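See below for the structure under consideration.
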Amino acid sequence: MRAVGVTEFGGPEKLQVVELPEPETGPGQMRIRVHAAAVNPTDTVVRSGMRYRGTDVPPPPYVPGMDAAGVLEEIGEGVTTDLKVGDHVMAIVVPYGSYGAYSEQIVVPAESVARVPAGASDVEAATLPMNGLTTRLALDLLGLRPGQTLAVTGAAGAVGGYAVQLAKAEGLTVVADASPADEKLVAELGADVVLPRGEGFPAAVREAVPDGVDAVIDSALLNDLMVPAVRDGGTIATLRGYAGEAERGITFVPVWVREYAREQAKLDQLRRQAEEGAVTLRVARTFPAEQAAEAHRVLEAGGTRGRLVLEFRHRA
């Protein structure tokens with residue numbers, strides 16, 4: 001089968017089509033014929049080799065990708081499910097070595113799979129699993145109650161956009177950042193207060209919420225800069241493992257989505273919320289899988305709203 005990966009770490013130009021053996025479905029697993037794989041910032045960490053720093057490095061190739069959607073091809077022994085072969089499904093993938101979502105076929109734990117939202121294409125569905133579960137885990141770790149206040153950085157992005165929408169679905173008051181060009185988008189996602197993005201955002205939050213917000217989902221990676229925006233004893237959920245120390249009893253909580261990679265009920269809940277319109281699946285642009293290098297260049301240039309998605313056109 002074809003996959004897209006790197007045989008040596010580096011920039012986008014290192015991505016190439018590679019041939020890999022077809023994966024075999026074991027007990028408790030499902031095999032998916034991938035039609036679409038979302039391109040996420042974490043994929044660049046695999047491509048560049050930063051994913052493997054300080055760890056045992058598996059042999060090449062290295063195939064990125066944490067989001068996939070396509071057709072269910074095989075259900076392994078011991079799996080209890082209402083899904084059947086031929087159904088359109090989406091999955092979260094935790095990549096390692098030659099195992100990643102940028103592949104014509106993947107085998108994943110059954111708990112990592114859910115049905116594609118009704119009315120959504122595979123391309124649209126591929127934008128939901130990893131980013132949706134990241135946001136779901138962040139909100140679960142924060143444990144906010146209806147009526148409490150959440151600040152969201154990077155609100156126009158994939159995680160940030162889901163954070164705004166899922167927080168509103170749980171009755172939270174949301175203060176979000178946006179560039180002038182994104183203010184309308186972030187407001188439409190449901191933010192109660194939209195403030196200018198950047199290093200001035202924390203001070204603006206404190207001005208809008210004098211006592212400080214209860215918590216932050218920091219998808220813009222501001223880290224320590226967000227501390228002034230938070231009330232005493234509040235919490236900041238971080239996305240790249242940041243766990244610094246802050247004054248006033250404020251805690252940083254790193255969010256590692258792999259902890260929810262087998263939380264099938266939560267992935268299925270996201271599917272239902274997409275069907276109900278509580279979550280918006282945003283596709284910025286699609287690329288043939290063999291143009292993954294260009295997709296990575298576009299991603300790293302910044303300014304993408306929604307997700308870039310690779311499409312696999314299967315050979316007869």
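Since we're looking at a predicted model, the values are computed, not measured. Values reported hereafter were calculated over all heavy atoms of this structure, with side chains retained and with hydrogens, waters and symmetry mates removed.
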Test salt bridge (charged side-chain N to carboxylate O under 4.0 Å, His left out) on Asp268 and Arg115; report intermediate values, then the result.
CA-CA 7 Å; Asp268 202 53; Arg115 194 181 308 278; over 6 Å; no

Enclosure of Glu247 CD (heavy-atom neighbours >12, cutoff 6.0 Å):
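Enclosed: over 12 neighbouring heavy atoms sit under 6.0 Å from CD of Glu247.
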
Is the number of heavy atoms from other residues, nucleotides or ligands under 6.0 Å of Arg262 CZ greater than 12?
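Open.
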
Can you tell if the side chain of [X] reaches within under 4.5 Å of the side chain of [Y], non-hydrogen atoms only?
| X | Y | result |
| --- | --- | --- |
| Val227 | Pro202 | no |
| Pro60 | Phe9 | no |
| Met90 | Pro117 | yes |
| Lys266 | Asp140 | yes |
| Arg231 | Asp211 | no |
| Val34 | Glu104 | no |

Arg297 with Glu294: basic N within carboxylate O range, under 4.0 Å
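Counted as a salt bridge, because a side-chain N and a carboxylate O are separated by less than 4.0 Å.
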
If hydrophobic clusters are built by linking Ile, Leu, Val, Met, Phe, Trp and Tyr wherever their side-chain heavy atoms come under 4.5 Å apart, do [X] and [Y] end up in the same one?
| X | Y | result |
| --- | --- | --- |
| Leu142 | Val257 | yes |
| Val175 | Val164 | no |
| Met226 | Val213 | yes |
| Val253 | Ile236 | no |
| Leu133 | Met130 | yes |

Which value, rounded to the nearest 0.5 Å, describes the distance between [X] atom [atom1] and [Y] atom [atom2]?
| X | Y | atom1 | atom2 | answer |
| --- | --- | --- | --- | --- |
| Arg33 | Glu22 | CZ | CD | 7.0 Å |
| Asn131 | Met66 | CG | CE | 9.5 Å |
| Gln148 | Leu172 | CD | CG | 7.5 Å |
| Tyr162 | Leu128 | OH | CG | 4.5 Å |
| Ile32 | Glu74 | CD1 | CD | 12.0 Å |
| Arg136 | Glu263 | CZ | CD | 11.0 Å |

Determine the minimum heavy-atom distance between Val116 and Arg271, stating which atoms define it.
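Reported closest heavy-atom pair: C-CG, 4.1 Å.
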
Under 3.5 Å donor-acceptor, [X] side chain and [Y] backbone:
| X | Y | answer |
| --- | --- | --- |
| Arg2 | Glu290 | no |
| Asp214 | Thr149 | yes |
| Thr25 | Gly76 | no |
| Tyr99 | Val107 | yes |

Does a donor on one side chain sit under 3.5 Å from an acceptor on the other, for His296 and Asp43?
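No pair is found: no donor N or O on one side chain lies under 3.5 Å from an acceptor on the other.
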
Under 3.5 Å, is there a donor-acceptor pair between the Thr153 and Asp218 side chains?
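Asp218 and Thr153 do have a side-chain donor-acceptor pair below 3.5 Å.
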
Under the side chain to side chain contact (heavy atoms under 4.5 Å, CB included) criterion, do Tyr102 and Val39 qualify, and how do the steps go?
CA-CA 9 Å; Tyr102 293 10; Val39 177; 3.6 Å; yes

Between Leu185 and Arg282, is the side chain to side chain contact (heavy atoms under 4.5 Å, CB included) condition met? List the steps.
CA-CA 11 Å; Leu185 166 65; Arg282 293 186 290 143; 3.6 Å; yes

Side chain to side chain donor-acceptor pair (under 3.5 Å) involving Asp177 - partner list, sequence neighbours excluded:
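Result, side chain to side chain donor-acceptor pair (under 3.5 Å) vs Asp177: none returned.
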
Assess the residue pair Phe252 and Val216 against the criterion (side chain to side chain contact (heavy atoms under 4.5 Å, CB included)); give the C-alpha distance rounded to whole Å, side-chain angles, the decisive distance to 0.1 Å, and a yes or no.
CA-CA 9 Å; Phe252 289 94; Val216 177; over 6 Å; no

Are Asp67 and Thr127 close enough, and set up right, to give a side chain to side chain contact (heavy atoms under 4.5 Å, CB included), and what steps lead you there?
CA-CA 7 Å; Asp67 285 306; Thr127 68; over 6 Å; no

